[in-house]
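Taking it in order: structure first as structure tokens, then the write-up.
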Amino acid sequence: MSVMTTSGAVCGVEGIPVRVEVDILRRLPAVQIVGLAASSVRESAERVRSAVVAQGLDWPRKRVVINLAPADLRKEGTAFDLPIAVGVLAAAGDLPSGALDGRVFAGELSLSGALRPVRGALALALMAREDGCRQLILPQACASEAAIVRGLDVRGAASLGEVLAHLGGGAQLPAPPATLPESAVADRDLREVRGQLFARRAMEIAAAGGHNLLMVGPPGCGKTMLAARVPTILPRMSFEEAIEVTRIHSVAGLRPAGAGLMRARPFRAPHHSITTAGMLGSARLHPGEASLAHHGVLFLDELPEFQRSVLELLRGPLEDRKVTLARAMGTAQFPAAFSLVAAANPCPCGYLGHPRRSCGCSEGQVHRYLGRLSGPLLDRIDLHVELAPVSADELVDAAPGESSAAVRERVVSARSRQTARFEGSLLRCNADLSGEQVREQARARPQAMGLLRDFIDAHALSGRAHARLLKVARTIADLEGAERVERHHLAEALQYRASLPSDQHQRPAPSALPPPLDKPDDDDSACSPTGRRP
Ligand SMILES: Nc1ncnc2c1ncn2[C@@H]1O[C@H](COP(=O)(O)OP(=O)(O)O)[C@@H](O)[C@H]1O
Ligand SMILES: [Mg+2]
């Protein structure tokens with residue numbers, strides 16, 4: 001008799017239903033798995049046989065044929081162990097008829113029949129609900145994560161024995177225990193950062209509009225410290241965002257046993273030795289750092305040290321907010337809507353322009369170092385800030401900075417102005433606007449546009465830079481609660497473009513840079529006091 005049960009494969013971050021068909025034939029004993037199964041799935045036969053025998057049951061002394069459909073989808077991983085085991089036992093008549101109906105199974109078996117967690121439980125749960133199944137049976141360790149999905153009966157089992165009892169009408173499997181909501185409160189706060197008012201302001205603008213940020217400054221001035229605090233001023237994730245983020249981390253196998261929904265925004269800080277596959281994801285469909293940072297922050301410390309090819313490939317997701325991976329069987333997509341925060345030293349030794357230390361780098365060395373950052377990449381980073389070293393006085397005597405909570409409040413209200421404007425569209429923040437949309441939404445005054453035109457001309461900037469400057473100005477206006485982009489909003493936005501790091505080797509110390517490009521033209525008081533270079 002042939003029986004069929006359902007499991008799922010994870011492709012990208014999507015679960016795809018896989019029907020597991022089992023037939024037992026009167027031929028010489030053997031197990032055959034067909035349907036484009038990778039070797040990890042073919043090895044399943046040995047694990048399943050041992051696990052079944054360990055329950056005191058007989059393995060059929062016949063030919064067992066297992067077909068995984070659809071046949072054109074490559075099946076990988078160990079999650080098919082459990083559905084194959086229950087399929088074989090149902091086909092052998094060891095389970096009541098109808099025991100498999102409306103149920104989805106996934107789980108890896110040990111030789112003794114214990115169930116081990118699988119990757120992508122949340123994606124499988126969303127798939128099971130969409131597929132119209134009533135119950136999803138998973139290993140206990142990943143059941144809590146699947147239980148986030150409403151409208152689906154999720155059960156967690158520790159062993160094959162427990163699953164068989166449940167299906168046979170014996171002891172029923174428990175619904176997973178309610179997980180404690182993960183703390184969304186970070187253990188870091190902006191209050192700990194002294195001074196660096198200019199960088200703090202740029203960070204607030206970046207958070208308020210979803211812009212990318214580059215910080216350039218000598219070692220130990222607080223770049224890493226500031227970057228790690230960007231998630232603490234971003235708005236809290238919505239439930240839908242949290243599901244998307246949890247799903248990606250679950251597919252990557254990064255969720256600890258028993259964990260539920262992720263509440264804190266991701267902060268990913270890959271080392272500069274990272275490969276392309278590590279950054280963007282691999283053909284085996286492991287999400288890369290760009291996707292793990294989805295709805296959070298991707299922090300690239302020591303930006304010029306990254307392989308150039310890796311940085312160049314990041315341009316795609318910076319523009320499209322997703323990663324598309326090509327492989328033999330079609331493509332898979334991973335979302336990658338992250339905020340890029342990057343840091344760099346001004347030169348290889350780090351002390352170019354330092355007021356108290358001398359820099360030993362030649363002009364050529366500085367040029368080569370910063371020249372590793374291509375124009376097109378820098379073009380996509382809207383805010384460039386230079387940080388001066390913090391003085392001993394500042395570290396010891398300065399009052400603590402403003403808290404993350406206070407800054408987040410302003411960020412949230414600026415974002416709510418944006419969402420009110422975007423009503424009826426899929427846009428989330430100013431950074432998502434197209435060039436056309438931003439020109440319309442900025443409602444910039446003619447004086448502001450005049451200033452922008454002069455700046456673009458003077459610095460020979462691209463059309464993309466033009467749109468990005470206008471977006472930053474729109475965000476500055478949103479932080480101020482202004483309807484239209486005024487000249488002083490644009491003037492502030494231009495400050496964050498005025499000092500591309502590649503110009504730096506020709507410059508004096510950052511602290512000796514000229515004053516801000518322009519003063520507010522009409523309303524001085526409306527500009528935040530932190531908005532000016534100290
Ligand atoms: N502005 C600052 N305020 C308070 N502490 C600071 C500041 N800058 C640096 N520090 C201290 O120095 C350490 C190193 O700073 P870090 O952020 O790693 O510097 P960078 O990344 O610029 O090299 C921090 O852990 C912190 O203790
Ligand atoms: Mg650092």
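Each ligand, and each atom within it, is numbered from 1 in the order the structure gives.
- Relative orientation of the Phe306 and His272 rings is perpendicular, given thresholds of 30° and 60° on the angle between their planes.
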Item to complete: Decide salt bridge (Lys or Arg N to Asp or Glu O under 4.0 Å) for Asp478 and Arg421; before the verdict, give the C-alpha distance in whole Å, the side-chain angles of both, and the deciding distance to 0.1 Å.
Response: CA-CA 11 Å; Asp478 284 331; Arg421 265 204 316 272; 2.9 Å; yes
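- Close approach of ligand 1 to Val193 is summarised as follows: ligand atoms under 4.0 Å from at least one heavy atom of the residue are 1 (N), 3 (N).
- Of the protein's non-hydrogen atoms, the one nearest atom 18 (O) of ligand 1 is Thr224 CB, 3.7 Å.
- Of the candidates Lys223, Glu302, Arg200, Arg194, the one placing a heavy atom closest to atom 1 (N) of ligand 1 is Arg194.
- When only modelled atom types and interatomic distance are considered, His466 and Arg439 share a side-chain donor-acceptor pair under 3.5 Å.
- Between the Lys471 side chain and the Val438 main chain, no donor and acceptor come within less than 3.5 Å of each other.
- Within a 4.0 Å radius of atom 25 (O) of ligand 1, the protein has no heavy atom.
- In this structure, Arg188 is positioned above the aromatic face of Phe267, its NZ or CZ under 6.0 Å from the six-membered ring centre and within 45° of the axis.
- Within ligand 1, the atoms closer than 4.0 Å to a non-hydrogen atom of Glu192 are 3 (N), 4 (C), numbered from 1 in the order shown.
- The nearest N, O or S atom of Met225 is not closer to the Mg ion (ligand 2) than 2.8 Å.
- For ligand 1, the polar-atom distance check finds no N/O of Val390 at less than 3.5 Å from any of the ligand's N/O atoms.
- Of all protein heavy atoms, the one closest to atom 20 (P) of ligand 1 is Gly220 N, 3.4 Å.
- Between Pro219 and ligand 1, no N or O atom pair is found at a separation short of 3.5 Å.
- Panel note: side chain Ser291, backbone Pro335; a donor-acceptor pair is recorded below 3.5 Å.
- Taking 4.0 Å as the cut-off, Gly217 does not count as a neighbour of ligand 1 on heavy-atom distance.
- The residue from Arg229, Met225, Gln196, Met215 that puts a heavy atom closest to atom 5 (N) of ligand 1 is Met225.
- Annotation: Arg453, atom CZ; neighbour count of heavy atoms from other residues, nucleotides and ligands within 6.0 Å does not exceed 12.
- Between Asp382 and Arg468 there is a salt bridge, with a side-chain nitrogen of the basic residue lying less than 4.0 Å from a carboxylate oxygen of the acidic one.
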